Each structure stands twice: as C-alpha cells, then as structure tokens.
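I have placed the structure first, in the form of structure tokens, so that the comments after it can refer back to it.
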Number of protein chains: 2
Amino acid sequence: MLEKLSASKSEILDAAAWCFMTLGCDTASIDDIARHLGSTKGRIYHHFPSKGALLSAVQLRAARFTYQAVAPVADASESPDVCLHRMSETHVMEVLRTLPYHKVVLQSYASVTPKSPTEMEQDLLIQLRKEQRCYAQLFLRVIEAGMVQGCFKPQDDARVSMASVLTLLNAPLFWYQIRPDQSESFDRMVIDQLADMAVASLR
Amino acid sequence: MLEKLSASKSEILDAAAWCFMTLGCDTASIDDIARHLGSTKGRIYHHFPSKGALLSAVQLRAARFTYQAVAPVADASESPDVCLHRMSETHVMEVLRTLPYHKVVLQSYASVTPKSPTEMEQDLLIQLRKEQRCYAQLFLRVIEAGMVQGCFKPQDDARVSMASVLTLLNAPLFWYQIRPDQSESFDRMVIDQLADMAVASLR
DNA sequence: TCACAAACAGACTAGCGAGTATGTTTTTCA
DNA sequence: TGAAAAACATACTCGCTAGTCTGTTTGTGA
C-alpha cells in the first residue's frame, strides 16, 4: 500500500499528471511529458514499462492522496453528520491541493474499456478499483450509520447516496482553475460550501 | 438553434456517441464508428468535415437534449424549491434517456485544450460553451431566486452552488450502466433520490 | 580507482489512424 | 427518361506516437 517512490519517479508522476490534465490522457504523448521534464523518453521508460502503467500510477497515487488524508479523520465514535462534515472538508482540501492527479482520474473514469490492455495493466486496473472501493467504504459507513441513527434521511440505496455525495465533493474538478493568485480565502469558501452541501443533501 | 438533421446524420451521431462512450473520445477511431454503423468512413466524412466536428456535434446535441426537456418546466412564477425539484427530475430523466451523449460530454470536460484546433472547430467549441452557459442559467436563476426568497440558504457565490448541484445531478454518469433489464423502478428511484438531494443540499 | 550497475540520452522502427482522392451507386427532378 | 447531384464505398498517403535498441553519463561500493 505504501511503496516509497524515488524523487525522480515522483517528479515524473507530477509531470505526467500535469500533461494528462492539460492535454488529455490520450492526446498527451510520452514525448510531451519528457519535454515538460526537460529530458527525453529514455528517462520515463527507464522507470515505467508503458504509458498505461504510467497512467495507472498517476491514478493510484490520486486515490492514496485522499485516502491518507481522510482515513485519520473518519472517526466512527462520533456523530455521523459531524464526522462526514470533517471528512468532506478534508477531501475537498486534498483534491484542490493535488488537483492534476484527480483530474486525470476524472478523465479516465468515463471510458472504462481500454482497447488492448496488457495483462499487467489489467492487474493495475484491478488494484486501482480495489483501493477506490476501499476509500468509498469510508464514506458509505458513516452515511449508513447516520441513516440508522436518524440524523440522515433513510434511502432505498445508501450506495447511491454515497456515490452522489462523492461526486458532489469532486465538483471542483469541473471548474476549478489553478491560478497564480491562489486566493486562500476562495479555497476556504469552496471547501466550506461543499462540505455544508454534502451534509445537507442527506438530511 | 434547431437545425433539423437528416436521418442518416442522426444515425451517425448515435453511433459516434456510443463508440466515444465505450472506447473513449480519442481511442475510438472513425473506422470504429463506421464499423459500428455497418458502413465505411466515406459515409461519415460525407456528412462531417472532421472528427473534431463530429465530436462537437455530439456534445452540442447533448446540451440541446437537456435544454429542450428542462426549459419548459422552468417556471419562474412558482416556488423556487418546487421548481428546482421538477427541473432536477426532468434533467436526470433526460440524461438517463440519452446517456451516451452525456458521457461524451463528461469525458471531454476534463481536458479543455485540444492540441491543434481548426478555426472552424474553435467556433464549434465557442458555440457549445454558449449553449451550455445558457442551460446553466436556467438553474442559476431559480437558485438565486430561492436564496432571495429564503427557501434556500444564502451563499457567497450562487454560481458555485449551481455548478455543484448540476454536478450532483450528473452523478449517474459515473456509475449508471445501461442494462438489458432496464428496471423502470430503479430509474425512478435514482431520479427521485437525486432530485431530493439536489434541493436538500441548498437548504 | 576501477568495475559495474543504475540512470539517463538519442536515433530508429513499426503500426495505427485521420484525412484525401477517386470510383460507384442511388436518388432527385426537370 | 436522362442527367446531375447526393450518398456512399474503396484504396491510398502521410504524419504522429508508443515502444525498442544501443550508446553515454553518473553514481557506488569494494
């Protein structure tokens, strides 16, 4: 779960996430990423066996960013609505901090069927789905607890509620722009408003 | 706004939307779409000048599907929360009905920068953004009205609320699967639940 | 300091896919 | 009914990119 990655590898992932975000996962070429690094493809293919593996590594890292941030604040002994509110704040905060990674995940969420996936790339995809499910469970548990305890309105399918809430919390991926004038107050406003909406949507 | 399109052109758009959805906008080739139609690229290039134009046409049609469905029920003389609830129901219903088109929009929402856009493709993109903004205005107006009248909680930026609500209503794009056993009741459940959540998230 | 491996650079190939150019069929209409 | 245009089919080109192969540099440990 926590394989440490070298500085060079991490740098490559950052560049890949950035290029995938701005150009699109398929449009961005390995040469684009290498150029953005100020080096050549030799460096990339030395660390990653294929483009698909590189893409999966970016997505995997995105999932782990949010998991490592949110898991510590998912305290089951607390009131579910309070707990969900802090989880939501933390999630949005982390998404804004590591935006390129999550925009890549967003892109590849739509088209689920790669054309000719390698055996190993298939395994990476399975691993990715597993960790994503694991992360979603954090939210599902607190939402179900809230429905049982009565602070959330009971629904036919709590998984629909969970998925919808997570989508709501990821809404900034569609319109948030990284600007030079990183207005701290704007971020704070977005975080608060989305967390409020997430909790309110379940009442 | 309402250019009638021939039966053949419409059929091509359906096939393109399907292939773009299942294979991805960039992965799906013109030959893939032609094969799915039981014909060859000649037919497609006779109706559309380029792949980018075809993609834009799909996205434009998606925007018009929802607009034509929702605009009639956006009654400003009504209570904003009631109005938003019916708009939300209608939106989700239409999205589920024309799912492939909207999944294509979802995909191309992430990567905003095509590599070398033609002059004409640029114009199509501008036209598309304009109609999308126009559709979003329908929701923005009723949300702002609700905040003024007091049935919605006032926020710093109503546009953030609007964008988040629309994202929430599009949540099925991430997990809804077209199945042979189109359970009508499941659709109804999803529609109701999402519309409820959308209105509740603003209180 | 020397061997050896890791970490790259640079040139090359092979295949895929967008777009084109031209032929063929079908429809339309005068 | 005949000619012209629309609606396709087929064969081809050409650029781009993933992946490879072979050199070259930089650390690293004995």
Side-chain angles (χ1 to χ4, degrees), chain A residues 3-16 18-20 22-58 104 107-108 111 113-122 124-125, chain B residues 3-16 18-20 22-58 104 107-108 111 113-122 124-125:
Chain A
E3 45 176 333
K4 56 175 182 180
L5 46 147
S6 68
S8 179
K9 223 171 174 178
S10 175
E11 199 184 353
I12 291 175
L13 283 181
D14 284 344
W18 180 263
C19 290
F20 285 153
T22 55
L23 298 173
C25 293
D26 298 274
T27 312
S29 69
I30 299 290
D31 289 303
D32 287 331
I33 301 171
R35 198 175 312 122
H36 190 262
L37 280 168
S39 54
T40 67
K41 5 165 51 156
R43 179 178 173 189
I44 296 175
Y45 276 101
H46 178 73
H47 290 278
F48 298 93
S50 72
K51 187 183 180 181
L54 179 59
L55 179 60
S56 294
V58 170
V104 172
Q107 285 185 51
S108 35
S111 64
T113 320
K115 222 160 192 180
S116 60
T118 317
E119 177 110 16
M120 179 217 40
E121 289 176 3
Q122 198 72 27
L124 282 174
L125 256 295
Chain B
E3 46 176 332
K4 56 175 181 182
L5 46 148
S6 68
S8 178
K9 223 169 174 181
S10 175
E11 199 183 352
I12 292 175
L13 283 181
D14 284 344
W18 180 262
C19 289
F20 285 153
T22 55
L23 298 173
C25 294
D26 298 274
T27 312
S29 69
I30 299 289
D31 289 303
D32 287 330
I33 301 171
R35 199 175 312 122
H36 190 262
L37 280 169
S39 56
T40 66
K41 2 163 54 158
R43 179 177 172 190
I44 296 176
Y45 276 101
H46 177 73
H47 290 279
F48 298 92
S50 73
K51 186 182 180 181
L54 179 59
L55 179 60
S56 294
V58 170
V104 172
Q107 284 185 53
S108 37
S111 64
T113 322
K115 223 160 191 180
S116 60
T118 318
E119 176 111 14
M120 178 216 43
E121 289 176 2
Q122 199 72 27
L124 281 174
L125 256 296

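Chain letters run A, B, ... following the sequence lines, proteins first, then strands; residues in each count from 1. All figures in this text were calculated on a predicted structure; none of them were measured in a lab. Every heavy atom of this structure was used, including side-chain atoms; hydrogens, water molecules and symmetry mates were not.
- Here the CG atom belonging to A/D31 is positioned 14.5 Å from the NE2 atom belonging to A/H36, to the nearest 0.5 angstrom.
- Here the C1' atom of nucleotide D/dT17 and the CG atom of A/D32 are 10 Å apart, to the nearest Å.
- Phosphate proximity of C/dC8 to A/S8: present, with a side-chain N or O under 4.0 Å from OP1 or OP2.
- Across all strands shown, B/A34 has no heavy atoms under 4.0 Å from either base or sugar-phosphate atoms.
- Across D/dA6, C/dG19, C/dA18, the shortest atom-to-atom separation from the side chain of B/S50 is found for C/dG19.
- Put simply, CD1 on B/I44 is 14 Å from P on D/dT10, counting in whole angstrom units.
- Minimum atom distance to the side chain of B/Y45 is reached by C/dT20, of the listed D/dA9, D/dG19, C/dT20.
- A/R43 places its CZ atom 20 Å from the C1' atom of C/dA11, with the value rounded to the nearest Å.
- In this structure, A/D26 atom CG and D/dC16 atom C1' are separated by 14 Å, rounded to whole Å.
- The separation between B/I12 atom CD1 and D/dA7 atom P is 10 Å, rounded to whole Å.
- In this structure, A/L23 atom CG and D/dC16 atom C1' are separated by 15 Å, rounded to whole Å.
- Each of C/dA9, D/dT17, D/dC8 was ranked by its minimum atom distance to the side chain of A/S29; first place goes to D/dT17.
- Taking every side-chain heavy atom of A/I30 into account, D/dA18 is the closest of C/dC8, D/dA18, C/dG10.
- The CG atom of B/D31 sits 15 Å away from the P atom of D/dC12 (whole-angstrom rounding).
- Within the 4.0 Å cut-off from OP1 or OP2 of D/dA7, at least one side-chain nitrogen or oxygen of B/H46 is found.
- Side-chain polar atoms of A/S50 and A/E121 form a donor-acceptor pair below 3.5 angstrom.
- How far CG of B/D32 is from OG1 of B/T27: 9.0 Å, rounded to the nearest 0.5 Å.
- A donor-acceptor pair is defined here as one N or O able to donate and one able to accept, closer than 3.5 Å; no such pair exists between the side chain of B/Q107 and the backbone of A/Q107.
- In this structure, A/H47 does not reach the C/dA6 phosphate: none of its side-chain N or O atoms is under 4.0 Å from OP1 or OP2.
- No donor-acceptor contact under 3.5 Å links the side chain of A/K41 to the base of C/dA9.
- The side chain of A/K51 has D/dG19 as its nearest neighbour among D/dA9, C/dC8, D/dG19.
- Neither side chain, B/T40 nor B/R35, offers a donor N or O lying under 3.5 Å from an acceptor on the other.
- In this structure, CD1 of A/I33 is placed 12 Å from C1' of D/dT17, rounded to the nearest angstrom.
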